[in-house]
> 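Please read through the structure below; I'll follow up with questions.
Just so you know, these numbers use all the heavy atoms, side chains as well, and skip hydrogens, waters and symmetry mates.
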Amino acid sequence: MNKTKHSDDNKCSVMMASIGALLLSLVAAVSVYADMNLDCGPGFVTLVWTERRSQADMSLFRLGNCYPTSLSAREAVFSVDVNDCHFKRLVTGNQITYTNDLVYISSPDSHIAPFTHLVVCAYERPKDWYPTIYDPVFNTYGEGALVFHIGLMNDDFSGPAESTSFPLGSFIPIMASVEQKTHQPLLLLLEECVASTTLELQPGSRLYSIITNKGCLVDSKVARSQFKPRQKSSEIHLSLQTFRFALGEEVFIHCQLVAWDPDLLDHTMKACHYVKDYGWELLDNPAYNHLCDCCESSCKSRRRRNTISGNHGIMQKAVLGPFTITDVTS
């Protein structure tokens, strides 16, 4: 009996030594090219990746399916909720462990190969801990296995808007999202959005174009409207500067939402906004800004429209509103 126990202890020691050696090798590999600072707590994760290689494009880092919260020339910062980004949770006794992958997706012309780094957060489970659920009040639309949402948000997109009245010149934060459940990971896009004074679009409806030409935020050419950096692929944040269209009246925004295969972006499946003194920029990967070139003309593709309802993606019409834009000078 003692002999068997001694043998098992030896196996355990060898296994722990192997794991330790593997972790040390991973740490050594990171220390050569980069530093990672990780701060974990109940409900949140803050990760700062500092890259030493000047060729690295910091916008190409992903934590699970989340995009960096902020970027600089050498740093990618993620400040995220543990219920986002596809973290995996394991609860054992009094400990909670969250794991995820930090991924560098690289670009075709990059000198740095794609890589993945394991991220582990473990801490003692608070006595009053329970899984948090955030469910803002959105307009919701079902389409097969997908559920689409669109709603007005507060200034930092952390929750629903407290008012539906916006002064002229201010910004309207809009978030659209798709619940993917068991579906393959999809990228949410806004193919078209127009403002109207009617809940239903009719031949005589007054319209103001916001997004046209298969994902071109045309309002960003005449105002300071822009897409905000993604927090995750299944959401898109639009900061829309208020306009003089229908001042003081009820306004509705009619959008065509698209949940699309992120590997199949092209001139007709994209999210582009105009940056002053630079030009059109692709939200999801500036290395492919050329997909936005057609925003000045007509964005067309040879792809047949019926592939939308196939395996690559699904479209959904949605209406946001009503809200009002007020002229503070009147």
Side-chain angles (χ1 to χ4, degrees), residues 65-67 84 133-166 170-181 183 185-201 205 207-220 223 225-243 245-246 249-260 262 269-273 283-284 308-309 313-325:
N65 68 334
C66 285
Y67 289 64
D84 297 328
I133 299 175
Y134 173 62
D135 187 18
V137 180
F138 281 164
N139 296 340
T140 302
Y141 307 82
E143 178 64 41
L146 304 179
V147 179
F148 293 82
H149 307 279
I150 189 168
L152 299 172
M153 305 297 289
N154 58 16
D155 289 342
D156 62 0
F157 292 88
S158 61
E162 296 179 359
S163 172
T164 56
S165 178
F166 300 90
S170 66
F171 290 87
I172 305 173
I174 298 170
M175 183 173 84
S177 64
V178 58
E179 292 181 29
Q180 303 177 57
K181 299 182 179 180
H183 202 283
L186 294 172
L187 187 72
L188 187 69
L189 301 169
L190 295 174
E191 183 185 62
E192 180 179 319
C193 289
V194 295
S196 172
T197 55
T198 58
L199 178 60
E200 300 286 340
L201 289 181
S205 295
L207 301 178
Y208 177 83
S209 295
I210 299 169
I211 298 174
T212 62
N213 214 357
K214 314 299 183 186
C216 301
L217 180 55
V218 292
D219 193 63
S220 63
S225 301
Q226 61 177 317
F227 291 118
K228 293 293 188 178
R230 288 190 193 265
Q231 302 302 307
K232 47 187 176 180
S233 61
S234 58
E235 293 180 359
I236 190 164
H237 294 183
L238 170 62
S239 181
L240 178 66
Q241 189 172 26
T242 51
F243 34 76
F245 173 80
E249 300 180 51
E250 285 192 339
V251 176
F252 299 84
I253 295 181
H254 300 257
C255 290
Q256 183 93 294
L257 280 59
V258 183
W260 189 249
M269 291 294 165
K270 62 192 184 302
C272 300
H273 58 201
L283 168 65
D284 295 293
I308 290 295
S309 58
I314 292 177
M315 280 189 173
Q316 177 66 56
K317 291 183 178 180
V319 182
L320 178 66
F323 61 89
T324 56
I325 300 172

> If you round to the nearest 0.5 Å, how far is CD of Gln256 from NZ of Lys317?
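Here the interatomic distance stands at 6.0 Å.
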
> Under the side-chain contact (heavy atoms from CB on, under 4.5 Å) rule, collect the residues that match up with Asn154, sequence neighbours excluded.
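So Asn154 forms a side-chain contact (heavy atoms from CB on, under 4.5 Å) with Asp156, Ser158.
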
> Between Val178 and Leu257, is any pair of side-chain heavy atoms under 4.5 Å apart?
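No. Closest side-chain heavy atoms not under 4.5 Å.
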
> side-chain contact (heavy atoms from CB on, under 4.5 Å) with Ala223: which residues, sequence neighbours excluded?
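Here the qualifying residues are Asp219, Ser225, Gln241.
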
> Just jot down the ring pair (Phe, Tyr, Trp, His ring centres under 6.0 Å) partners of Phe252, sequence neighbours excluded, or say none.
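Counting only residues at least two positions away or on another chain, Phe252 forms no ring pair (Phe, Tyr, Trp, His ring centres under 6.0 Å).
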
> Are the side chains of Leu201 and Leu207 in touch, meaning some heavy atoms are under 4.5 Å apart?
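The answer is yes, as the side chains (C-beta and beyond) meet within the 4.5 Å cut-off.
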
> Would you mind reporting whether Ser234 and Leu188 have side-chain heavy atoms less than 4.5 Å apart?
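Heavy-atom side-chain distance check fails, nothing below 4.5 Å.
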
> May I ask you to test the Leu189-Ile211 pair for a side-chain heavy-atom distance under 4.5 Å?
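SC-SC contact between Leu189 and Ile211 ruled out.
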
> For Leu217, does its backbone N or O pair with a side-chain atom of His273 as donor and acceptor, under 3.5 Å?
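Side chain of His273 to backbone of Leu217, a donor-acceptor pair under 3.5 Å: no, none is there.
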
> For Glu191 and Val258, which heavy atoms make the closest approach, and how far apart are they?
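Heavy atoms only, the tightest pair is CB-CG2, 3.9 Å.
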
> Go through the structure and list residues passing salt bridge (Lys or Arg N to Asp or Glu O under 4.0 Å) with Glu250, not counting sequence neighbours.
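Once residues adjacent in sequence are excluded, Glu250 has no partner under the salt bridge (Lys or Arg N to Asp or Glu O under 4.0 Å) criterion.
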
> For the atom pair CG (Leu190) and CD1 (Ile174), what is the distance rounded to the nearest 0.5 Å?
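It comes to 8.5 Å.
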
> Any side-chain heavy-atom pair from Phe323 and Thr242 closer than 4.5 angstrom?
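Sidechains of Thr242 and Phe323: no contact.
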
> Can you name the salt bridge (Lys or Arg N to Asp or Glu O under 4.0 Å) partners of Glu235, sequence neighbours left out?
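Applying salt bridge (Lys or Arg N to Asp or Glu O under 4.0 Å) to Glu235 gives Lys232.
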
> Return the minimal non-hydrogen interatomic distance between Ser239 and Phe171, and the atom names on each side.
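Here Ser239 and Phe171 meet closest at OG-CD2, 3.3 Å.
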
> For Phe243, what residues pass the side-chain contact (heavy atoms from CB on, under 4.5 Å) criterion, not counting sequence neighbours?
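Once residues adjacent in sequence are excluded, the partners of Phe243 under the side-chain contact (heavy atoms from CB on, under 4.5 Å) criterion are Ala195, Tyr208, Ile210, Leu240, Phe245, Ile325.
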
> A side-chain contact here means heavy atoms from C-beta on lying under 4.5 Å apart; do His149 and Met175 qualify?
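Result no, sub-4.5 Å side-chain heavy-atom pair not found.
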
> Is there side-chain contact between Pro173 and Phe157, with heavy atoms separated by less than 4.5 Å?
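With C-beta onward as the side chain, the pair touches.
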
> Do the side chains of Cys255 and Ile150 get nearer than 4.5 Å, heavy atoms only?
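Yes - at least one pair of side-chain heavy atoms lies under 4.5 Å apart.
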
> Would you please name every residue forming a side chain to side chain donor-acceptor pair (under 3.5 Å) with Ser196, sequence neighbours left out?
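Partners of Ser196 under the side chain to side chain donor-acceptor pair (under 3.5 Å) test: Thr198.
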
> Nearest 0.5 Å, please: how far is CH2 in Trp260 from NZ in Lys270?
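The CH2 atom of Trp260 is 12.5 Å from NZ of Lys270, to the nearest 0.5 Å.
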
> Could you tell me the separation between the CG atom of Leu283 and the NE2 atom of His237, rounded to the nearest 0.5 Å?
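Between Leu283 CG and His237 NE2, I get 10.5 Å after rounding to 0.5 Å.
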
> His254: what forms a ring pair (Phe, Tyr, Trp, His ring centres under 6.0 Å) with it, not counting sequence neighbours?
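Residues passing ring pair (Phe, Tyr, Trp, His ring centres under 6.0 Å) with His254: none at all.
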
> Name the one of Val251, Leu152, Ile172 that satisfies side chain to side chain contact (heavy atoms under 4.5 Å, CB included) with Leu320?
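Exactly one candidate clears the test, Leu152.
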
> Sequence neighbours excluded, which residues qualify as side-chain contact (heavy atoms from CB on, under 4.5 Å) partners of Thr212?
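Listed in chain order: Ser209, Val218.
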
